[in-house]
Amino acid sequence: STELVPDCVPQDSISRSAFTLAQKIFSPAILNHCLRVWIYARTFSEYEKLRLARLPLSFTACILHDIGATPAFSNLDSDILQRFEIEGADAAVSLLRAVGDSFVSHDDIEEVWRSIALHTTPQIAERMGGLARIVRLAVLCDFQRAKVAGKEGLQKKTEGEFGKLEIEKVLGDAVVEQALCSRMPETKAPAASWPNNLLRAHREHPDNRGINRGF
């Protein structure tokens with residue numbers, strides 16, 4: 001893409017590789033969402049005085065946390081269907097292994113994987129600490145379910161720079177479509193998961209044209 005890289009994207013090669021992939025794969029709504037999540041994650045880590053994983057790892061976890069919701073990384077033809085959070089975690093790990101070289105350790109990979117795999121899991125991700133907690137809180141912040149203490153006006157400023165573009169509808173619809181296009185929707189969106197909440201709400205309200213009621 002010839003588009004400029006936003007100033008908030010770190011300049012190291014891992015972060016740039018992750019952003020290039022996200023820019024290529026994501027719709028504008030999901031790309032903006034992931035950039036906002038990154039900005040909120042940085043702020044949460046500062047406020048809570050948490051030592052995040054190294055900058056490229058933290059950015060990769062934030063910018064790619066929804067990549068499993070895209071057709072390119074849904075793996076619907078795989079013998080084993082997995083929910084989009086796990087596909088996203090696997091995709092992020094693959095990128096880190098490809099471009100991270102000796103910079104990325106096994107522990108780094110595990111931390112990034114957990115933070116993406118658990119980002120829709122209430123209460124557990126928050127208690128994990130570290131990057132898993134920060135990514136979860138940042139996602140909640142973008143959907144107005146958490147606040148960045150001490151940073152009044154941050155969300156308005158961030159949304160002004162990276163517009164929301166109906167992200168709740170776009171993301172909810174993407175997750176449901178992925179499940180419905182799979183040969184076993186209840187495996188792609190397993191019981192007691194956020195994807196299953198969305199799938200069930202879609203089936204209960206098939207004529208709904210707004211935000212999925214399970215969002």
Side-chain angles (χ1 to χ4, degrees), residues 10 14-15 18 22 30 33-69 73 82-97 100 104-152 154-155 158 167-168 171-172 174-175 179 186-201 212-215:
I14 294 176
S15 297
I30 297 180
H33 163 62
C34 292
L35 286 167
R36 292 192 304 270
V37 164
W38 164 238
I39 291 170
Y40 301 146
R42 287 187 312 184
T43 308
F44 273 119
S45 66
E46 292 164 6
Y47 181 77
E48 296 201 358
K49 296 181 172 56
L50 288 175
R51 182 179 149 309
L52 272 185
R54 284 170 293 178
L55 188 68
L57 305 174
S58 302
F59 178 78
T60 298
C62 291
I63 199 69
L64 298 183
H65 78 273
D66 278 334
I67 201 163
F73 287 90
Q82 302 181 115
R83 50 194 280 189
F84 85 94
E85 303 96 328
I86 292 177
E87 294 293 2
D90 289 348
V93 165
S94 293
L95 180 136
L96 289 174
R97 285 178 171 151
V104 181
S105 70
H106 175 76
D107 288 346
D108 292 333
I109 284 175
E110 286 293 306
E111 184 166 17
V112 170
W113 192 92
R114 283 194 300 269
S115 69
I116 296 176
L118 293 171
H119 83 267
T120 66
T121 306
Q123 302 180 14
I124 294 175
E126 291 92 323
R127 291 288 296 273
M128 292 289 292
L131 191 54
R133 171 177 169 80
I134 291 300
V135 172
R136 170 71 178 163
L137 290 177
V139 169
L140 290 176
C141 182
D142 198 43
F143 294 131
Q144 308 296 324
R145 294 170 188 174
K147 293 290 183 183
V148 182
K151 292 287 183 178
E152 291 76 13
L154 176 65
Q155 284 177 278
T158 304
I167 180 57
E168 290 89 350
L171 184 58
V175 173
E186 272 70 28
T187 300
K188 193 65 180 171
S193 71
W194 187 65
N196 187 263
N197 292 346
L198 297 172
L199 178 61
R200 187 172 66 250
N212 186 294
R213 298 186 188 187
F215 199 94

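- Counting all heavy atoms, side chain and backbone alike, A92 lies closest to V112 at CB-CG1, 4.2 Å.
- Partners of D66 according to the salt bridge (Lys or Arg N to Asp or Glu O under 4.0 Å) rule, which considers only residues two or more places apart in sequence or in another chain, do not exist here.
- By the 30° and 60° cut-offs, the orientation of the rings of H33 relative to F143 is parallel.
- Here the side chain of N212 pairs a donor or acceptor atom with the backbone of L198 at under 3.5 angstrom.
- Rounded to the nearest 0.5 angstrom, L95 CG and D90 CG are separated by 13.0 Å.
- Evaluation of the salt bridge (charged side-chain N to carboxylate O under 4.0 Å, His left out) test over residues 119-130, restricted to residues two or more places apart or in two chains, returns E126-R136.
- The neighbour count for Q123 CD, taken as heavy atoms of other residues, nucleotides or ligands under 6.0 Å away, does not exceed 12.
- The CG atom of L57 sits 6.0 Å away from the CD1 atom of I14 when rounded to the nearest 0.5 Å.
- At least one donor-acceptor pair under 3.5 Å links the side chain of K188 to the backbone N or O of Q82.
- With rounding to the nearest 0.5 angstrom, the CZ atom of R54 is 11.5 Å from the OG atom of S15.
- Atoms CZ and NE2, on R97 and H106 in that order, are 8.5 Å from each other to the nearest 0.5 Å.
- Counting all heavy atoms, side chain and backbone alike, Q155 lies closest to C141 at NE2-O, 2.8 Å.
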